[in-house]
Amino acid sequence: MQKAKGTYDVFGEYGKKIRVVENILSDLMEVYDYEYFRTPIFEASEVFHRGVGDTTDIVTKETYDFKDRGDRDMTLRPEGTAGIVRSYIENKYYGNPNVPSKIWYYGPMFRYERPQSGRFREFYQFGVEVFGSNDPLTDAEVISIPVNFYKMLGLKQIKVHINSLGDTESRDNYRKALKDYFRPHLDSLCEDCHVRFEKNPLRILDCKVDKDLDVMKKAPKTIDFLNEESKSHFDKVKEYLDAMNIEYIEDPNLVRGLDYYTHTVFEVEASVEGFGAQNILCGGGRYNKLVGTLGGPDTPGVGFAMGMERLMTALDYEKINLIEEDGIDAYIIPMSENEKGYSIGICNALRLSGYRTDMDYMSRNIKSNFKQSERLNAKYVIIIGEEETKNNVLTIKDNETKDEYKVKVSELVDFLDSKFDAHECGCGHCHE
Ligand code: ATP
Ligand code: MG
């Protein structure tokens, strides 16, 4: 049996590394004061059709749709925002006096795409959504999250691209101008772009097939169609990014693949050499129409989503390790079958006290047990023979100094506490 196309298993070094990254992520969301949301992996198809947009590639070509046994149309979530908005409305979060609602999520997403490097059918996304404020402060804060996350991980070669689509009025004017511009050039565009031309001409600029055509490069720019209010919103976002010392590139051709964006849009790119074509690490922006579209009260929102696989690849390309191999605290050796029960009791007690503990499950002889303790990089080895079980006094060996101690079972945790405190303090004279 083999894994399904476009999926991958996590184990070994990748497993260790992703856990470190995930922990940094939760810590980061804590310091930003964001609230954790988890929505179901499948929802009624309608949530995504309306939430992501019927004309997007995601909904027209990429969703995993199925009928459940009650003949309902269901879809595996292709992205996080639509489900979060559904939940935000269903749980009446818009009535929460603590505004804005700052939300984060993390988990697997599913898209039926052609698998290639940086593109999977099951992939993990981390994202945030901020609902209830139209202040450019929130746009800037949201952009700062991936930037600071990458900084904390040690990534250096990243570039932030930003643009503004403006409010509905600006966007409508721009749409009209784009249609007028592309109408005489339709023949040179791909078939999908013909549909986009009718349904959502902005997304022609997001086309991966036509992106290098001359006609794309000369297209009208969003920035020239912003009304005063939209322009001022965008200027403030940039001012606040400057205030945080966040560098960015203004990219007038940047539109995002989803239908619901207004005002700010942004992407962060991995610019390290050799990374490959799938180099957009995350993207997002403001979408003031989305909550209303899904049946909630008109509520402004801004957010982004980040692919974890591309981030992991970026870490590899920049040779960032993150894994600290510091070994276990104690390794327990039962001398024979008779001491196994006693040993697992000690092992259990140490684990409950928070000590990283392992034991011999293979009935090894003493020599190969010491080898195993070195493989695990154990700081202490606890040897348990008949004598020890009878007197409740353990033989403990410091694997580094080779010092040996006799310690009463009742004093074992205190003994380790004193040893590890002295170690961690690092002052060099605590031992005396
Ligand atoms: P792309 O233009 O690469 O198809 P997208 O516009 O479809 O991306 P979003 O829906 O905005 O992407 O998702 C945000 C991020 O999620 C992307 O920048 C990327 O890092 C990641 N991502 C999207 N699709 C995949 C996928 N199939 N496999 C792995 N990561 C993905
Ligand atoms: Mg895509």
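By convention here, the first residue in the shown sequence is residue 1. Please read all numbers here as calculations on a predicted model, not as lab measurements. Atoms within a ligand are numbered from 1 in the order they appear, just like the ligands themselves.
For CZ of Arg364, the number of neighbouring non-hydrogen atoms (other residues, nucleotides, ligands) closer than 6.0 Å is greater than 12.
Considering each of Met308, Glu79, Arg111, the one bringing a non-hydrogen atom nearest atom 12 (O) of ligand 1 is Arg111. Taking all heavy atoms of Arg119, Glu62, Gln278 into account, the minimum distance to atom 1 (P) of ligand 1 is reached by Arg119.
Distances between N or O atoms of Gly307 and those of ligand 1 include at least one value under 3.5 Å. Residue-to-ligand polar distances keep Ile58 apart from ligand 1: every N/O pair is separated by 3.5 Å or more. Residue Phe120 has at least one nitrogen or oxygen atom sitting less than 3.5 Å from a nitrogen or oxygen atom of ligand 1, judged on distance alone. Checked against a 3.5 angstrom limit, the closest N/O atoms of Leu281 and ligand 1 fall inside it. Between Arg310 and ligand 1, an N or O atom pair is found at a separation short of 3.5 Å.
Residues Asp358 and Arg375 are not paired through a salt bridge, judged by the lack of any N-O separation under 4.0 Å between the basic side chain and the carboxylate. Using a 4.0 Å cut-off between charged side-chain N and carboxylate O, Glu13 and Lys17 make no salt bridge.
Listed by atom number, the atoms of ligand 1 under 4.0 Å from Gly118 heavy atoms are 28 (N), 29 (C), 30 (N).
The proximity of Arg121 to ligand 1, defined as any non-hydrogen pair under 4.0 Å, does not occur for either the backbone or the side chain.
Checked by atom type, the side-chain pair Asn399/Ser373 shows a donor-acceptor distance below 3.5 Å. There is no side-chain donor-acceptor pair under 3.5 Å between Glu141 and Tyr240.
The closest approach between any non-hydrogen atom of Gln125 and ligand 1 is below 4.0 Å.
Remark: Tyr331 pairs with Asn369 by the side-chain hydrogen bond (donor to acceptor under 3.5 Å, both in side chains) rule, at least two apart or across chains.
Note on residues 278-306: pairs passing salt bridge (charged side-chain N to carboxylate O under 4.0 Å, His left out), not counting sequence neighbours, are Asp139-Arg286.
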